[in-house]
Amino acid sequence: MDYIIEMLGITKKFPGIIANDNITLQLKRGEIHALLGENGAGKSTLMSVLFGLYQPESGVIKKNGETVNVTGPNEATRLGIGMVHQHFKLVHNFTVLENIVLGCETTKNGFLSMDEARQKVVSFSKEYGLEIDPDAVISNITVGMQQRTEILKMLYRSNEILIFDEPTAVLTPQEITDLMRIMKNLAAQGKSILFITHKLNEIQAVADRCTVLRKGKYIGTVNVAEATKEDLSEMMVGRKVSLEAEKPDLEPGAVILDVSGLTVKNRQTGKNVVDNVSFKVREGEIVCVAGIDGNGQSELVYALTGLLKTDGGSISLCGKDISHENVRSRGLDGMAHIPEDRHRHGLVLDYNLAYNLVLQRYFEPRFQKRGFLRYGEVYAYAEGLIEKFDIRSGQGAKTAARSMSGGNQQKAIIAREIDRQPKLLIAVQPTRGLDVGAIEYIHERLIEERGKGKGILLISLELEEALGVSDRTLVIFEGEIVADVDPKEVSYQELGLYMAGSRRSEVTA
């Protein structure tokens with residue numbers, strides 16, 4: 001058998017947890033091989049071992065039948081192995097172009113020579129439909145644009161073994177279709193691809209074979225053409241999973257959130273990034289704002305939550321004008337926020353799980369006395385949430401947030417926000433990068449909160465989520481709400497036209 005990469009008997013341990021337990025993975029030359037598993041199943045750890053970020057306790061890696069020692073990312077690159085990480089490895093105060101060439105710079109007489117690199121990057125971005133501004137600073141661009149930078153970084157290095165760790169988590173439906181096409185082209189040209197995803201339809205669209213991990217152990221490898229979505233999800237989770245959200249019909253109640261004429265300007269250009277936006281969210285209603293990444297969703301959420309000052313309009317929560325309140329006041333008034341970027345706005349990564357779970361409440365009498373934390377209460381509360389929301393962590397409440405899997409970090413944020421019993425829950429891409437079991441769980445929680453009479457504003461790039469979970473779908477394009485549709489009466493294609501700005505509908509508040 002012509003395997004370009006073999007990982008044989010790989011075991012990797014962290015404090016309190018065996019992340020990879022004697023796992024074997026074999027990648028054929030020119031194939032697209034999917035790696036599937038729940039959050040915390042060990043997929044990213046296994047790929048980090050292959051890329052040299054971690055050294056395994058036991059097991060060997062072979063390339064073209066010969067044992068290799070991948071001592072670090074530079075050695076992996078020398079061996080032709082490239083990786084797009086789920087949590088981006090970018091220098092935030094560098095430009096897009098500087099990040100792409102970092103580590104393989106071209107110099108001339110001791111000075112950086114960027115012209116050739118710029119031409120190559122611009123050419124790649126056009127060829128693969130990954131348009132970016134090479135001179136934009138990473139800290140100023142959206143998560144979607146950061147993802148594009150990561151993909152271009154790998155393409156720039158001409159790697160032959162390509163590891164994609166959740167590459168579509170922040171892409172739009174059109175971009176995902178383009179990426180699938182690109183992956184097939186790369187495989188046809190002899191590239192070998194390892195593709196970590198939680199999206200079963202993506203596996204069925206591009207993968208030749210699929211290896212399933214569960215709780216750090218190898219479950220099996222199947223030919224994708226011979227397996228159904230139900231087969232794959234059951235292998236991954238260990239039980240049958242409902243792939244569609246089920247929600248009872250409800251009559252929405254009183255208005256909880258009333259946004260009127262909201263306007264936010266770009267501080268550099270003066271252009272309206274949120275342009276005269278008006279809508280309402282009622283009790284017992286899930287309203288989804290759908291759109292292609294970069295059309296003002298982030299700025300809209302920042303304005304609603306108090307992270308960004310507004311330039312016009314008003315925001316009312318349960319009849320109270322909160323337009324000029326700070327973040328904590330909005331929280332105390334009944335607003336909760338599951339942020340788009342869990343690392344930047346959701347967690348303090350160097351705090352442990354217990355501290356992260358009380359970030360919004362540590363000042364309450366229950367958790368402090370005369371300005372000193374009541375540690376027993378903090379940890380007891382955290383352990384309760386860990387059990388209730390099934391947050392998996394190696395050392396329980398004492399686990400550093402940084403060391404947890406992306407999905408369990410997300411579960412921690414959702415547990416913290418929902419447990420505050422908010423009147424309004426703003427959920428921004430709450431299932432980004434999560435497996436089907438976790439997605440099912442989070443959708444159930446959102447629908448459960450809806451049933452309790454909460455108002456939910458969902459921001460999603462996923463068409464299935466926008467139409468499957470919401471009661472009403474608003475489409476945002478270039479900062480404007482261009483459609484207000486009933487999910488039961490609109491098709492994916494029609495929604496896609498609104499998202500691309502080629503169609504508008506009458507919008508009602």
Side-chain angles (χ1 to χ4, degrees), residues 39 44 84-96 98-99 102 132-133 136-151 153 165-171 264 266-268 273-274 289 291 293-310 326-328 330-331 335-353 355-360 362 391 393 399-418 420 425-434 442 457-461:
N39 297 111
S44 294
V84 175
H85 300 268
Q86 180 183 0
H87 297 304
F88 315 133
K89 310 290 183 184
L90 299 170
V91 182
H92 276 231
N93 56 346
F94 278 20
T95 66
V96 168
E98 287 165 348
N99 269 280
L102 188 62
I132 41 96
D133 174 4
V137 176
I138 293 296
S139 58
N140 294 337
I141 62 176
T142 64
V143 176
M145 291 296 155
Q146 291 179 26
Q147 174 74 74
R148 292 183 183 193
T149 304
E150 281 282 18
I151 294 172
K153 207 162 93 178
D165 188 355
E166 300 285 353
T168 65
V170 292
L171 301 182
V264 178
N266 181 298
R267 297 292 176 257
Q268 277 79 41
V273 282
V274 177
V289 177
D293 194 30
N295 274 278
Q297 299 98 314
S298 298
E299 291 83 359
L300 172 63
V301 170
Y302 295 164
L304 293 175
T305 54
L307 290 168
L308 200 60
K309 281 200 168 90
T310 60
N326 61 29
V327 175
R328 180 184 284 190
R330 295 181 200 213
M335 179 185 288
H337 176 206
I338 299 165
E340 166 187 24
D341 189 333
R342 51 183 168 252
H343 285 182
R344 192 187 292 186
H345 294 131
L347 298 164
V348 180
L349 292 173
D350 291 322
Y351 280 11
N352 68 24
L353 181 52
Y355 289 173
N356 274 287
L357 289 172
V358 295
L359 274 181
Q360 308 274 38
Y362 66 88
I391 305 167
S393 53
T399 307
R402 186 183 297 281
S403 70
M404 292 164 58
S405 73
N408 284 297
Q409 290 175 348
Q410 187 77 338
K411 276 188 182 179
I413 295 167
I414 287 163
R416 179 183 71 210
E417 299 304 313
I418 286 181
R420 288 168 52 216
L425 176 62
I426 299 176
V428 190
Q429 296 183 53
T431 59
R432 176 189 159 206
L434 301 190
I442 286 162
L457 181 64
L458 173 67
I459 315 291
S460 182
L461 300 177

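Note that this is a predicted model, so its numbers are computed, not measured.
- To the nearest 0.5 Å, atoms NZ (Lys411) and CD1 (Ile442) are separated by 7.5 Å.
- For the pair Asn93 and Ile138, the minimum side-chain heavy-atom distance is 4.5 Å or more.
- Counting all heavy atoms, side chain and backbone alike, Ala401 lies closest to Asn356 at CB-ND2, 3.5 Å.
- A distance of 11.0 Å separates CD in Gln409 from OG in Ser393, rounded to the nearest 0.5 Å.
- Remark: the backbone N or O of Asn266 is not paired with any side-chain donor or acceptor of Gln268 at under 3.5 angstrom.
- To the nearest 0.5 Å, atom CG of residue Leu347 and atom CG of residue Leu357 are 9.0 Å apart.
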*What's the verdict on side chain to side chain contact (heavy atoms under 4.5 Å, CB included) for Val96 and Met145, showing C-alpha distance, side-chain angles and the deciding distance?*
CA-CA 9 Å; Val96 168; Met145 291 296 155; over 6 Å; no

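- Arg420 contributes a side-chain N or O that, together with a main-chain N or O of Met335, makes up a donor-acceptor pair within less than 3.5 Å.
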*From CA spacing to verdict: side chain to side chain contact (heavy atoms under 4.5 Å, CB included), Leu300, Val264*: CA-CA 8 Å; Leu300 172 63; Val264 178; over 6 Å; no

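- Here the closest heavy-atom approach between residue Ser139 and residue Arg344 is recorded as O-NH1, 3.9 Å.
- You'll find the side chain of Val301 reaches within 4.5 Å of the side chain of His337, heavy atoms only.
- Minimum heavy-atom separation, Gln146 to Phe88: OE1-CD1, 3.3 Å.
- The distance from atom CD1 of Ile391 to atom CG of Leu353, rounded to the nearest 0.5 Å, is 5.5 Å.
- Under the 4.5 Å side-chain criterion, counting only non-hydrogen atoms from C-beta, Phe94 is in contact with Leu102.
- With rounding to the nearest 0.5 Å, the separation of OG1 in Thr149 from CG in Asp133 is 10.0 Å.
- Atom NE2 of His343 is separated from atom CG of Leu349 by 5.0 Å, given to the nearest 0.5 angstrom.
- Considering all non-hydrogen atoms of both residues, Gln410 and Gln429 come closest at NE2-O, 3.6 Å.
- Between Val91 and Glu98 the shortest side-chain heavy-atom distance does not fall below 4.5 Å.
- Taking 4.5 Å as the limit, every side-chain heavy atom of Ile459 sits out of range of all side-chain heavy atoms of Glu340.
- The shortest distance between side-chain heavy atoms of Val327 and Thr305 does not fall below 4.5 Å.
- With contacts defined as side-chain heavy-atom distances shorter than 4.5 Å, the pair Leu458/Pro430 qualifies.
- Of all non-hydrogen atoms in Gly296 and Val274, the two that sit nearest each other are O-CG2, 3.8 Å.
- The shortest non-hydrogen separation linking Arg330 to Leu304 is NH1-O, 2.8 Å.
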